[in-house]
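Worksheet: the structure to be examined is printed underneath.
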Amino acid sequence: MADTAARAIAERLRAECAEEIDRLGTGFRERPWLREAFLAVPREVFVPDRVWWPHRSAEDGLFPLLDRGLRPRQWLRSVYRARVPLITQIADGAVLPDGPTDRTDFTGSISCPAVVVSMLRHLDPQPGERILEIGTGTGYGTALLARRVGAGAVTSVEIDKALATHAGVALRAVGCAPRLVVGDGEGGHPPGAPYDRVIATAAFRRLPQALLDQLRPGGVLLAPLDTPFGCDGLARLTADGHGRAHGRFVGAVDFMKVRGQRDRPTSYAELGWPTWGDYRVTVEHGHQHIRTTL
Ligand SMILES: C[S@@+](CC[C@H](N)C(=O)[O-])C[C@H]1O[C@@H](n2cnc3c(N)ncnc32)[C@H](O)[C@@H]1O
């Protein structure tokens, strides 16, 4: 595909994807800046040339490989599927993107557009605020953040050097220069603190204290938190500046766990969750109430 033709197709797909996100109602209406950023940032620049589709093929039961070189239109259409993430890395890079796979140990992805938009809506960054992102991944979310607050106000930490390098190249290609750090985001990035907002795009089982400590009083932490319900809850907490933070779940998401917290917990109670007996379910005259004793 010639470059100009590909760019025109990408723009059309981006606009259609934005319309679908509108219909899903995950954030454009409440945050017009997000729609503007979504339409301005070419998502295809951030997606590697070979990625895995995250659903098994009905034919062979494997996760198909999408290859930009072999099937550019198919690859581009996949980039703009509003509700589909694409897998960029398996087994920390041990599985090469050279064919379909049966492996399920996904360790890198570009989050689906609808979820990226929903998370940024809940994060609600304001112009000029200092943002810390944990899990740069492809750098796509980083670019959207930078459009809102300014690239100089964004610090993004990625634990995987190869993924971080790819993100750096993509961000430079769109003229965006946030501070990129290769390291373990569970420790945050103290040199850039205090932050107004912290967003994580990998899930925690236990929220790291370091992230709360690096927020200013009133600062917001938005992070997927593993739950006993088979998905992650999107936790939105406000820090009090004394090492504490309070908040609630604002949605359900499904993220890969941060590298240091991949193992399943032996007990959710140890992670602060109510035990099953603490959930009280009442049904009366067609009304259902579910609460905890806490
Ligand atoms: C779901 S992907 C991020 C997707 C990214 N938001 C995007 O759309 O491109 C999760 C990322 O978190 C990274 N990660 C995992 N554990 C981490 C840690 N402890 N610190 C920093 N990054 C981590 C993974 O390497 C992976 O790139």
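Counting starts at 1 for both ligands and their atoms, in listed order. Computation of the quantities below employed the complete heavy-atom set of this structure, encompassing side-chain atoms and omitting hydrogens, waters and symmetry-equivalent molecules.
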Looking at residues at least two apart in the chain, or sitting in another chain, which of them share a salt bridge (Lys or Arg N to Asp or Glu O under 4.0 Å) with Arg14? Glu44
State whether the side chain of Arg50 and the backbone N or O of Pro97 hold a donor-acceptor pair below 3.5 Å, judged by distance alone. yes
Looking only at side-chain N and O atoms, does Asp124 offer a donor or acceptor that is under 3.5 Å from a partner on Gln126? yes
Would you mind writing out a table of all protein N or O atoms found under 3.5 Å from any N or O atom of ligand 1, naming both atoms and giving the distance to 0.1 Å?
from     : atom 1 : to     : atom 2 : distance (Å)
ligand 1 : 6 (N)  : Thr201 : OG1    : 3.2
ligand 1 : 8 (O)  : Ser111 : N      : 3.0
ligand 1 : 9 (O)  : Thr138 : N      : 2.9
ligand 1 : 9 (O)  : Thr138 : OG1    : 2.6
ligand 1 : 16 (N) : Arg259 : N      : 2.9
ligand 1 : 19 (N) : Asp184 : OD1    : 2.8
ligand 1 : 20 (N) : Gly185 : N      : 2.7
ligand 1 : 22 (N) : Ile159 : N      : 3.2
ligand 1 : 25 (O) : Glu158 : OE2    : 2.5
ligand 1 : 27 (O) : Glu158 : OE1    : 2.7
ligand 1 : 27 (O) : Glu158 : OE2    : 3.3

Contacts of type ring pair (Phe, Tyr, Trp, His ring centres under 6.0 Å), residue Tyr140, not counting sequence neighbours: Phe46
Phe28: partners by ring pair (Phe, Tyr, Trp, His ring centres under 6.0 Å), with sequence neighbours left out: Phe38
Phe106-Trp53 aromatic ring centre distance below 6.0 Å: no
